[in-house]
Amino acid sequence: MGKACFFLLYILVVMGVIIKYGGVKNTAIFFPIISMILAYFGQIFFINKKKYYSTLLFFMLLFCSIFFIIYNVKMSLPTKSKEYLIYMSYTMSLSSLFIVFISSLKWKRAIFSIVGLMIIFLPVILLWGYYFTSGAWLSVESCMAILQTNPSEAANYIEDHLSYVAMLGFLIIVLSIIFIGKYTSCLILCDKNKKLKIMMAVFVILNIAFLYRTRENIVNNIIYDTKVYAASYDNYLRTKEERQKLLQNIPGINSNTDKGIYVLVIGESETRDHMGVYGYSRDTTPWLSSQNKNPNFIIIDQAWSCASDTVSALTYALTAKNQYNNINLNEAYSLIDIANAAGYDTVWLSNQVQYGLADTPITVIASSAKQQIWLHDKVGHLKDGRYLDMPEFYDGNLIPELDKIKMSDRMLIVIHLMGSHNSYKVRYPENYEVYDTSSSEISKEDKNTAEYDNSVRYTDYVLEEIYKKVKDVPEFKVMVYFSDHGEGIDEHVGHDINRFNYQMTRIPMFFIMSNSYIDKHKGKYNVLLERKESYFTNDLIFNTMIDMMDIHSNEIDEPNNILSEITYDKNPSRFKTLYGKYAVPLDK
């Protein structure tokens, strides 16, 4: 495996990329040419030229192995040859610099080589690891989801997705890196005279410059874009006080003095496709189905989520920012802040973990509530400090917490469920298993579906119990339920955006109103009845909730986005999902 083998394979990969993704334009073809020139130039510093080229070949094979992932995943990735050629050039310069650095060390070269390779190949390891467990490409959204997860969710995910094939693949990658590390550590530099030292300095400088020039590539951009994404969330946190000060100057926002208790329940990963009340073959929602006879109950048939992950969906659902306006997130008031400014007592009751590996806008929004009850207040632990005990995650534990709320006659109570978050099997107690998951005769996919359906049925029970608790509370007005997003359960893809299907965004939504509310707001009630089959995305929950609560101001009202008003723009073609990336389909 010498010079000829290395250059032949490099050229073949370049040609394969060009053939697969189309011809290159402008100066893109010069990237691999420059890389090959620099690689050829580098041989003069090593005694064993053949081992030098063999080492570069190993580096190239491992770095370019991610092209296999790109080729196999079902999503839109960069389709221009330039994107891949830049990446190849970047990794070749990185490889050259690493080889020279390791070869210059005088002691423990093998250890530094293996550790160093583990670091520079970390993106490759992560990409393959994510592919092995999810069958998808690691996107910005995936990275944000990882940052926002907690140890329990991570353990559940690994348990559900890790296979023998995945473990074998991961082992092969690690062993390959160890082999390459040991192989690299055996390279020996030529005796350096003054001329050779100058040439090596030029070689290093040229590779550093080329490394900088090619830094924006298909892998590094994931890191850069994730940092930008996370920065926007951090900025939302920093500007919290500024938004609250501006709220104080909004005219008319606190003019309504009517009494009323409003309850907003947020579901998790529930798709309406697996709910009996929406026509699913299994009776997964006996209580909701019974409510169809209740004239105070209105279910929305065409509700969709604006994103397929919790943080993205709720960041829009619970703030003035949505897919259809131009408001900057930093300037978007939250539902909690608006309710506070309007004189409501606000409560945030959650069975989700309060803090993940990174703060999110949801944490910021919840932190403004006057009363906060978190069953799990920090990463991987219960609120009393014990390490996470999975059965403690049952949403039924929220029900007795309602009795601990300090009630008043003017309130907004937000309840955030764990719902059907993966792993489904830990979302409901054993005695709530209606659909068999233990039979040896059912397939893994059928078992997964049964576990999901059991979690949906348990959520139905929890919703019933919440409603029983609040409906008789003096001044109760409205209970609203929606899910943050759905779940691609039929194709067993979770809600991973990289394996997107529309089932991930088909969500349930309903209203239950008190008689007193209907008597006073007959107009809103009749409009919602007419809107049962209208399209709606959950980033408009903010607009609809403040209207239901009679909070109005020219500064915040968007009449065309309020489901409960006649001004609502119900044109189906305008509705989007995934932050405007896809149009909501009109056939289901």
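By convention here, the first residue in the shown sequence is residue 1.
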Task: Non-neighbouring partners of E465 that pass salt bridge (charged side-chain N to carboxylate O under 4.0 Å, His left out), sequence neighbours left out - done: K468
TODO: Nearest 0.5 Å please: distance from the NE2 atom of H552 over to the CD1 atom of I338.
DONE: 12.0 Å
Open item on the list: Is it true that T544 and D547 share a donor-acceptor pair across their side chains at a distance under 3.5 Å?
Closed with: no
Task: Aromatic centroids of F510 and F297 separated by under 6.0 Å - done: yes
Task: Validation row: K469, D403 side chains within 4.5 angstrom (heavy atoms) - done: yes
Task: V414 and V347: CA distance, side-chain angles, deciding distance, side-chain contact (heavy atoms from CB on, under 4.5 Å) verdict - done: CA-CA 6 Å; V414 180; V347 179; over 6 Å; no
TODO: Please determine if R272 forms a cation-pi arrangement with W304, meaning its NZ or CZ atom is less than 6.0 Å from the six-membered ring centre and no more than 45° off the ring axis.
DONE: yes
Task: Contacts of type side chain to side chain contact (heavy atoms under 4.5 Å, CB included), residue I518, not counting sequence neighbours - done: N296, M513, K522, Y525
Task: Residues forming a side-chain hydrogen bond (donor to acceptor under 3.5 Å, both in side chains) with S553, sequence neighbours excluded - done: none
Task: Any Y452 side-chain heavy atom under 4.5 Å of S423 side chain - done: no
TODO: With sequence neighbours excluded, tell me which residues meet salt bridge (charged side-chain N to carboxylate O under 4.0 Å, His left out) with D409.
DONE: K259
Open item on the list: Between T284 (side chain only) and R457 (backbone N and O only), is there a donor and an acceptor less than 3.5 Å apart?
Closed with: no
Open item on the list: Let's go through S289 and N292 carefully: what are the C-alpha distance in whole Å and the side-chain angles of both, what is the deciding distance for side chain to side chain donor-acceptor pair (under 3.5 Å) to 0.1 Å, and is it a yes or a no?
Closed with: CA-CA 6 Å; S289 296; N292 269 329; 5.3 Å; no
Open item on the list: Could you check whether any side-chain N or O of T271 sits under 3.5 Å from a backbone N or O of R506, counting only pairs where one atom can act as donor and the other as acceptor?
Closed with: yes
Task: Flag, side chain of Y461 to backbone of W287, donor-acceptor distance under 3.5 Å - done: no
Task: T537/Y324 under side-chain contact (heavy atoms from CB on, under 4.5 Å): CA gap, chis, key distance, verdict - done: CA-CA 10 Å; T537 50; Y324 316 105; 2.9 Å; yes
Task: side chain to side chain donor-acceptor pair (under 3.5 Å) evaluation trace for D490 with H274 - done: CA-CA 9 Å; D490 290 342; H274 278 244; 2.7 Å; yes
Task: is_close_aromatic(Y579, Y316), centroid dist under 6.0 Å - done: yes
Open item on the list: Please tell me whether S455 and Y432 have a donor and an acceptor in their side chains that are separated by less than 3.5 angstrom.
Closed with: no
- [ ] Step by step, work out the side chain to side chain donor-acceptor pair (under 3.5 Å) result for H492 and E445.
- [x] CA-CA 7 Å; H492 305 285; E445 290 74 18; 5.8 Å; no
- [ ] Return the set of residues passing ring-ring contact (aromatic ring centres under 6.0 Å, His included) with F476 (not counting sequence neighbours), or none when no residue passes.
- [x] none
Task: Candidate pair I466 and L398, rule side-chain contact (heavy atoms from CB on, under 4.5 Å), full reasoning - done: CA-CA 9 Å; I466 291 173; L398 290 167; 5.7 Å; no
Task: Listed partners of Q371 passing side-chain hydrogen bond (donor to acceptor under 3.5 Å, both in side chains), at least two apart - done: none
TODO: Verify the distance criterion only: is there a donor paired with an acceptor across the side chains of K240 and S367 at less than 3.5 Å?
DONE: yes
Open item on the list: Could you check whether Y428 and Y394 have their ring centres less than 6.0 Å apart?
Closed with: no
Task: Donor + acceptor pair across side chains of T567, N560 (<3.5 Å) - done: no
- [ ] Report yes if the distance between the aromatic ring centroids of Y582 and F500 is under 6.0 Å, otherwise no.
- [x] yes
Open item on the list: According to side chain to side chain contact (heavy atoms under 4.5 Å, CB included), who are the partners of N571, at least two apart in sequence or on a separate chain?
Closed with: D569, S573
- [ ] Only one of H485, H421, R427 passes side-chain hydrogen bond (donor to acceptor under 3.5 Å, both in side chains) with E268; say which it is.
- [x] H485
Open item on the list: Using only atom types and a distance under 3.5 Å, with no angle test, would you say the side chain of S269 pairs donor to acceptor with the backbone of E487?
Closed with: no
TODO: Work out which heavy atom in W348 is nearest to a heavy atom in H416; give both atom names and the distance.
DONE: CZ2-ND1, 4.1 Å
Task: Short side-chain to backbone donor-acceptor contact, T239 and E242, under 3.5 Å - done: no
Task: Test log, rule salt bridge (charged side-chain N to carboxylate O under 4.0 Å, His left out), inputs K406 and D345 - done: CA-CA 9 Å; K406 298 176 182 177; D345 289 323; over 6 Å; no
- [ ] Taking side-chain hydrogen bond (donor to acceptor under 3.5 Å, both in side chains) as the test, write out the residues that go with R531, two or more places apart.
- [x] none
TODO: Any salt bridge (Lys or Arg N to Asp or Glu O under 4.0 Å) involving residues 556-568? Give me the pairs, sequence neighbours left out, ordered by first then second residue.
DONE: K524-E565
- [ ] Measure from the side-chain N and O atoms of D395 to the backbone N and O of L417, and report whether any donor-acceptor pair falls under 3.5 Å.
- [x] no
Task: Cation-pi geometry met for R574 and Y568 (6.0 Å, 45°) - done: yes
- [ ] Report the residues that fulfil side chain to side chain contact (heavy atoms under 4.5 Å, CB included) with K227, sequence neighbours left out, ordered by chain and then residue number.
- [x] none
TODO: Return each pair, listed once, that meets salt bridge (Lys or Arg N to Asp or Glu O under 4.0 Å) where at least one residue sits in residues 280-303; pairs must be two or more places apart or across chains.
DONE: R282-D453
- [ ] Would you check if the side chain of K321 reaches a backbone N or O of A332 as a donor-acceptor pair within less than 3.5 Å?
- [x] no
Open item on the list: Tell me whether R410 forms a cation-pi arrangement with Y344, defined as NZ or CZ under 6.0 Å from the six-membered ring centre and within 45 degrees of its axis.
Closed with: yes
Task: Counterpart residues, side-chain hydrogen bond (donor to acceptor under 3.5 Å, both in side chains), relative to Q323 (two or more places apart) - done: D539
Open item on the list: I'd like to know whether T310 forms a side chain to side chain donor-acceptor pair (under 3.5 Å) with D484, so could you lay out the CA-CA distance, the side-chain angles of the two residues, the decisive distance to 0.1 Å, and finally the verdict.
Closed with: CA-CA 6 Å; T310 299; D484 55 358; 2.7 Å; yes
